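Note sheet for the following structure.
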Amino acid sequence: MDMHTVVVGTSGTTAEDVVAVARHGARVELSTAAVDALAASRLIVDALAAKPEPVYGVSTGFGALASRHISTELRAQLQRNIVRSHAAGMGPRVEREVVRALMFLRLKTVASGHTGVRPEVAQTMADVLNAGITPVVHEYGSLGCSGDLAPLSHCALTLMGEGDAEGPDGTVGPAGELLAAHGITPVELREKEGLALLNGTDGMLGMLVMALADLRTLYTSADITAALSLEALLGTDKVLAPELHAIRPHPGQGASADNMLRVLAGSGLTGHHQDDAPRVQDAYSVRCAPQVNGAGRDTLDYAAVVAGRELASSVDNPVVLPDGRVESNGNFHGAPVAYVLDFLAIVAADLGSICERRTDRLLDKNRSHGLPPFLADDAGVDSGLMIAQYTQAALVSEMKRLAVPASADSIPSSAMQEDHVSMGWSAARKLRTAVDNLARIVAVELYAATRAVEIRAAEGLVPAAASQAAVAALRAAGAQGPGPDRFLAPDLAAADTFVREGALVAAVEPVSGPLA
């Protein structure tokens, strides 16, 4: 557990705090301002609850049942019932980090003072996070509108001491027993509180934030592997010149070109073919790497802007406004988040595709400019990296299927009251798979490119210092065995871990300087 503390105030949170709580177990505390805002908004809800006029979410039913006025003695039961009835998720369990992000982001909105939830409910949410208790949340149950309903409902069940949860030791058991073991008293929900715990885009937002963190690392890693492939193919680095990218000033393109130039600094391989076997131009997958990688980088930047706005938002329905009004709204609709989740799946698929094309070029003796077939030590006796590329191609094919947008779909629900939904949760779930696949795809290119660079070095050419650092680090990480037969059984899983944990970037930067 990360022992640093994230303080939740009234004005939202940061992507860094989401990752710290979700992935690293950072502790959570409510600020004094948040506690005061919670108490103030609760006074407004209590005053409205005492009036005879019905107020949505306070003294009425929900969704298509909003026209029914609920009597005072039934309102606590109403709040319990909405949690129980909405906890209807099915399918495999969602990952622990996703559930922690979901809970933390719901707490962020609750702490804003716009939901009417009592301070003690918010404190219980923080206590559950700090105890390392993780509700069992299922894959299916959110349409990305009116909140990530079923996922958030399973989290709210845990606060009530109901349903199943996972303890800090990884054991799943009754939530009530886990709360008791950590000295946490289950909450008894009052007016509006059940609804407030369910009505947000927190699941899809949490997955967006974590995907952005992972993709930043993968895009830098892909710049490095592109540079290694260019070098191994004896390509020219002239296409990376800053003045060329300045006349098409997309920021991401310039950043990727600069990364590649840094990695290739001092290489004795780039442009070598111009001496004895001139090529007018390198293939698109080599020459246009900055344009493709860079367009993806710019998409990441736009997605981060959307995530930042959402992290500063208070998503609930109805909301408590500073002037004391409690108003219905449509801010729970997940369209802004769903769109960028789908955008990211598209650019991740395209990045995977261009990585695979370079790998294939490295393995094809007709296009690799002197490299052995499939980078085999003894072609024919062994198959080299032939099947590693098959694996990479299978992953790319799946990435293309995952790039089909979820947000282009909608399906009506709640007796046509909720007649247009975002499918943002589904977009987030498939993006997580796409990010996992992309790490594996980049790892295969890395494996092939480092092998090819080593072959060039054995021929007497001198690779760039950063390339040599990448080769040495990958070997030290155990992705290659000792001796001349080390490529016969490629440990692609080790290469995958090496890439996704940022070890490639960490190995290259001490030589190349900081990479974008």
Side-chain angles (χ1 to χ4, degrees), residues 1-6 8 16-29 83-84 87-108 123-142 148 150-187 197 202-211 213-214 217 425 428-433 435-437 439-440 478 493-494 496-498 500-503:
M1 297 274 286
D2 185 337
M3 289 298 105
H4 94 269
T5 298
V6 171
V8 182
E16 292 75 17
D17 283 346
V18 174
V19 173
V21 173
R23 290 186 164 167
H24 306 302
R27 292 185 59 80
V28 176
E29 288 183 4
V83 173
R84 290 168 176 167
M90 295 180 70
R93 285 179 57 194
V94 170
E95 303 84 358
R96 182 176 185 270
E97 68 177 18
V98 172
V99 180
R100 286 185 61 83
L102 180 72
M103 290 193 296
F104 174 66
L105 288 169
R106 197 68 215 141
L107 175 59
K108 175 270 298 181
Q123 185 59 55
T124 302
M125 297 170 76
D127 292 343
V128 168
L129 282 166
N130 291 339
I133 297 171
T134 307
V136 171
V137 172
H138 301 278
E139 180 81 15
Y140 304 107
S142 173
D148 288 318
L152 282 164
S153 297
H154 284 281
C155 293
L157 268 186
T158 294
L159 299 178
M160 292 164 52
E162 300 180 16
D164 290 330
E166 179 186 299
D169 63 353
T171 301
V172 174
E177 294 178 9
L178 283 169
L179 295 184
H182 289 84
I184 301 172
T185 302
V187 298
L197 294 177
D202 309 289
M204 64 184 90
L205 175 59
M207 286 185 273
L208 171 60
V209 168
M210 290 186 286
D214 294 337
T217 298
W425 174 273
R429 296 305 296 163
K430 69 184 181 66
L431 178 60
R432 281 182 69 83
T433 303
V435 171
D436 273 350
N437 284 355
R440 298 180 181 108
D496 171 31
T497 300
F498 184 76
R500 75 174 62 233
E501 293 185 352

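Quick caveat, the model's predicted, so the values are computed rather than measured.
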**OP:** Just do the side-chain contact (heavy atoms from CB on, under 4.5 Å) check on Val28 and Met125 with the steps written out, would you?
**Re:** CA-CA 9 Å; Val28 176; Met125 297 170 76; over 6 Å; no
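In this structure, CD on Glu95 lies 14.5 Å from CZ on Arg100, to the nearest 0.5 angstrom. Rounding to the nearest 0.5 Å gives a distance of 5.5 Å between CE of Met210 and CZ of Arg23. From Glu166, atom CD reaches atom CG of Leu178 across 9.5 Å, with rounding to the nearest 0.5 Å. Taken to the nearest 0.5 Å, the CG atom of Leu107 stands 10.0 Å off from the CG atom of Leu197. Annotation: the span from Asp214 atom CG to Met207 atom CE amounts to 13.0 Å, rounded to 0.5 Å. Once rounded to the nearest 0.5 Å, the distance linking CZ of Arg106 with CG of Leu129 reads 13.5 Å.
The nearest pair of heavy atoms linking Tyr140 to Gly91 is CD1-CA, 4.1 Å. The heavy-atom pair separating Val83 from Ala156 by the smallest distance is CG1-CB, 3.7 Å. A pairwise comparison of heavy atoms in Thr217 and Gly502 identifies CG2-CA, 3.7 Å as the closest pair. When all heavy atoms of Gly141 and Ala150 are compared, the closest pair comes out as O-CB, 3.2 Å. The shortest heavy-atom contact between Ile184 and Ala131 is CD1-CB, 4.1 Å. When all heavy atoms of Ser142 and Trp425 are compared, the closest pair comes out as OG-CB, 3.4 Å.
Among residues two or more places apart in sequence or in another chain, the side chain to side chain donor-acceptor pair (under 3.5 Å) test is passed with Glu139 by Arg429. In this view, Gln123 and Asp127 satisfy the side chain to side chain donor-acceptor pair (under 3.5 Å) rule, not counting sequence neighbours. With sequence neighbours left out, the side chain to side chain donor-acceptor pair (under 3.5 Å) criterion links Asn437 to Glu398, Arg440. Applying the side chain to side chain donor-acceptor pair (under 3.5 Å) test to Asp436 and every residue at least two apart in sequence or in another chain returns Arg500.
The side-chain contact (heavy atoms from CB on, under 4.5 Å) test with Cys155 singles out one residue from Val137, Val136, Val128, and that residue is Val137. Residue Leu105 is tested with Asp148, Asp202, Val21 for a side-chain contact (heavy atoms from CB on, under 4.5 Å); the sole match is Asp202.
Residues Arg93 and Asp164 are not paired through a salt bridge, judged by the lack of any N-O separation under 4.0 Å between the basic side chain and the carboxylate.
Residues in residues 171-187 take part in these side-chain hydrogen bond (donor to acceptor under 3.5 Å, both in side chains) pairs, two or more places apart or across chains: Asp169-Thr171. Residues in residues 152-162 take part in these side-chain hydrogen bond (donor to acceptor under 3.5 Å, both in side chains) pairs, two or more places apart or across chains: Arg84-Glu162.
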